[in-house]
Protein chains: 2
Amino acid sequence: MAGPPAAVRLSEVAAAAGVSIATASRSLRGLGGVSDTVAEKVRGIAEDLGYVTNSYARTLAGGSTTIVGLILNQIDDPYFTEIAAGVVRAAEDADLTVQIGHSTRDPHRELKQIRSLVAQRARAIIIAGSGYTDPQRELQAKELLARYEAGGGRAAVIGRHFLGVDAVQPDNRGAAGQVARHLVELGHRDVVVISGLPSLTTVEDRQGEAVKVLAAAGARVTVVETDFTGHDAGRAALGALDGEPRATAVMALSDAMAISVLTGLRRAGVDVPGTISVTGVDDVPVAELISPSLTTAAFPLSELGREALLLTTRPQATRPRRKMIPAQLVVRESTAPPRS
Amino acid sequence: MAGPPAAVRLSEVAAAAGVSIATASRSLRGLGGVSDTVAEKVRGIAEDLGYVTNSYARTLAGGSTTIVGLILNQIDDPYFTEIAAGVVRAAEDADLTVQIGHSTRDPHRELKQIRSLVAQRARAIIIAGSGYTDPQRELQAKELLARYEAGGGRAAVIGRHFLGVDAVQPDNRGAAGQVARHLVELGHRDVVVISGLPSLTTVEDRQGEAVKVLAAAGARVTVVETDFTGHDAGRAALGALDGEPRATAVMALSDAMAISVLTGLRRAGVDVPGTISVTGVDDVPVAELISPSLTTAAFPLSELGREALLLTTRPQATRPRRKMIPAQLVVRESTAPPRS
DNA sequence: ATGAAAGCGCTAACAA
DNA sequence: TTGTTAGCGCTTTCAT
């Protein structure tokens, strides 16, 4: 595995510019102590030569890394890919590169990913996805991240976690509340709520608010738990509607589940929204494209990612920051007043 | 900002074990040439001390990286996220980590990404997305990759590129041919083809085969060029149908464009497939969910990514490998015989 | 304002 | 089998 150096080195840039590598280094990093003329010249030459800093050498020599680790619950779920897109774009604007891992919602995998990132001296670690309602479950990760930040690293989460780091929090309660109120205003008083794993904070928040709003309006509420991935939401909804023949609406606590419900109802020949109204939460891109298009509460997903990245570029605050991101109700074709 | 955590160094492990750092290094990497007793002892001490290899030092010293770079044309397009999912999963199976960048189809950005990856000593570089029909346009990237591979790196592309490296090639001609034949068999003889930038090999291949098959069947073909992202495909299709009132089908050369066409037709009140049949290519997950569901040619997208990753784990062959991946026609609701 | 030189922690010849 | 040593490419004092 020998061969010609595959990358342009700082020494080559320096030589081409007729200066020492120290001066070249200063010029490239805009450090001052270098005449503007020289600095400008060096930058031009570096550009022409296609010079890129060797991050290993830089890091080893005491410089900082440009790696940002991003840990996703699920790599092929639009909710997460939208967030990832936001992170990647913001990172590139900040000259950072993103390393992606996925945890499949498995705490062990998540820990392993964090350790690997710490060992890589990643400049920042971003964890996207729901937290767990049981703080105990996140204890190890929390300790790991605390040590990491004490050592100069930066961490941020997207969602409500108990990880003691900066957080971008989609307003899940608000989102669920808006959708529930929409159903109430349409006149629905008998609603099936398709929920997910109660161990996830996202589920807890959305379900809590949904049930609260619906109950406050005097509606009958049937909650059905599924695995929150949408795989069995359609079947679950059909089962619930069998048991609750008077129900006029299905409120799924995520778009992924709502889409599964829509598919299930279509196959069963149930008219949406004529017979049953259906709603989701998140507003993934598909929500607008399916038919009937989905009434849901929209989160600016890629902005969630962007905000998280930005948080990690600011110095650590004395107490973890919380940036709440509001949802916005989007009424589309899947909801209508209940048939009378 | 505190300094880096007091990381345990190899020299400390060596000292504690009473051996040289060379022996310690060999022991830890299981390299042989070390007595089992010593090796075992060193490993135990390293474990006790919580030693973790400094990957920067290791890489700088000539050791190998575990980073695989993945350059995507577009980070938030389902076509690419599916591919990315395949790469990430296969990488994790091989204990590799994936670094994602996106080029926005801009050759300059792409070059920058490649350079960055080369500088990072990525073990492999995977480029996903269409190549350019003008080989000149890829010349710089080709040189860069050649030097990279000469230096021991591995590269692979997904799509037909002129980059001189291993390639996973979705059979774009075959895919377009199958869809075109499907339309012909249904009886369509007046078809609008929504195409993309002619500078992309994917577009060239799909359009060439589509037009060939349709023309061979004696059909009238109207080709409309768009930007291949789907942003203006809907508008373009409506315009073309205005000019070609006898057209009975719109064949979009990608699902992204087909979905845009479907949306445009729905807004214009055109019945699909009653009045106009619509087809796509790719079979992104949404294709099955929209309504009417989309007739298209399916590529196993995440497998494309997986195959590319696997190619990079094998040693370089004397000539670049080409792995052709066939498409499969999926007939859904968006196509029907033309109304007579 | 610029340069020389000492490492950063590790791997990989080469010696012993 | 083990140790010695020369870098990897860069940042950073310390001189000039």
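Chain A is the first sequence line, chain B the second, and so forth, proteins listed ahead of strands; every chain is numbered from 1. Since this is a predicted model, take the numbers as computed values, not measurements.
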Polar side chain donor-acceptor pair, A:R58 to A:T53, under 3.5 angstrom: yes

Atom-to-atom span, CD of A:E40 to C1' of C:dA1 - whole angstrom: 17 Å

Phosphate contact (D:dT2 OP1 or OP2) by B:S35 side-chain N/O below 4.0 Å: yes

Backbone of B:G131 reached by a side-chain donor or acceptor of B:T201 within 3.5 Å: yes

Any donor-acceptor N or O pair under 3.5 Å, side chains A:H102, A:Q113: no

5' precedence on DNA chain D between B:T59 and B:V38 (nearest-nucleotide basis): B:V38

Touch class at under 4.0 angstrom, heavy-atom based, for B:R26 against every strand present: base

Whichever of A:L10 and B:G32 has its nearest DNA chain D nucleotide further upstream toward 5': B:G32

B:Y132 side chain to B:P107 backbone, donor-acceptor under 3.5 Å: no

Euclidean distance, atom CG of residue A:L31 to atom C1' of C:dG3 [Å, nearest integer]: 15 Å

side-chain N/O B:R29 vs C:dA12 OP1/OP2, d < 4.0 Å: yes

Rounded interatomic separation in angstrom, taking CD1 from B:I21 and C1' from C:dA12: 11 Å

Phosphate-side-chain proximity, B:S25 and C:dC10, N/O vs OP1/OP2 below 4.0 Å: no

N or O in side chain of A:S20 less than 4.0 angstrom from C:dT2 OP1/OP2: no

d(CG, A:L60; C1', D:dG7) in whole Å: 12 Å

DNA chain C-proximal residues of residues 41-54 of chain A, any heavy atom under 4.0 Å: none

Euclidean distance, atom CZ of residue A:R9 to atom C1' of D:dC10 [Å, nearest integer]: 12 Å

Lys/Arg-Asp/Glu bridge criterion (N-O < 4.0 Å) met for B:D166, B:R322: no

For atom CZ of B:R121 and atom P of C:dT11, their distance in whole Å: 16 Å

Rounded distance in Å - OH (B:Y56) to C1' (C:dG7): 19 Å

Donor-acceptor under 3.5 Å (A:H161 side chain, A:A156 main chain): no

Given DNA chain C, 5'-ward residue of the pair A:G33 and B:S11, judged by closest heavy atom: A:G33

Pairs flagged by side chain to side chain donor-acceptor pair (under 3.5 Å) wherever residues 301-316 of chain B is involved - sequence neighbours left out: B:E149-B:Q316

Rounded (10°) bend between the five-pair end axes of the helix from C:dA1-D:dT16 to C:dA16-D:dT1: 40°

Residues A:E110 and A:R105 bridged, charged N to O under 4.0 Å: no

Minimum-distance nucleotide (side-chain atoms of B:A61 versus D:dG3, C:dG9, C:dT2): C:dG9

Within 6.0 angstrom of B:E12 CD, more than 12 heavy atoms from elsewhere: yes

Phosphate contact (D:dG9 OP1 or OP2) by A:R58 side-chain N/O below 4.0 Å: no

Donor-acceptor side-chain pairing of B:S199 and B:T133 below 3.5 angstrom: no

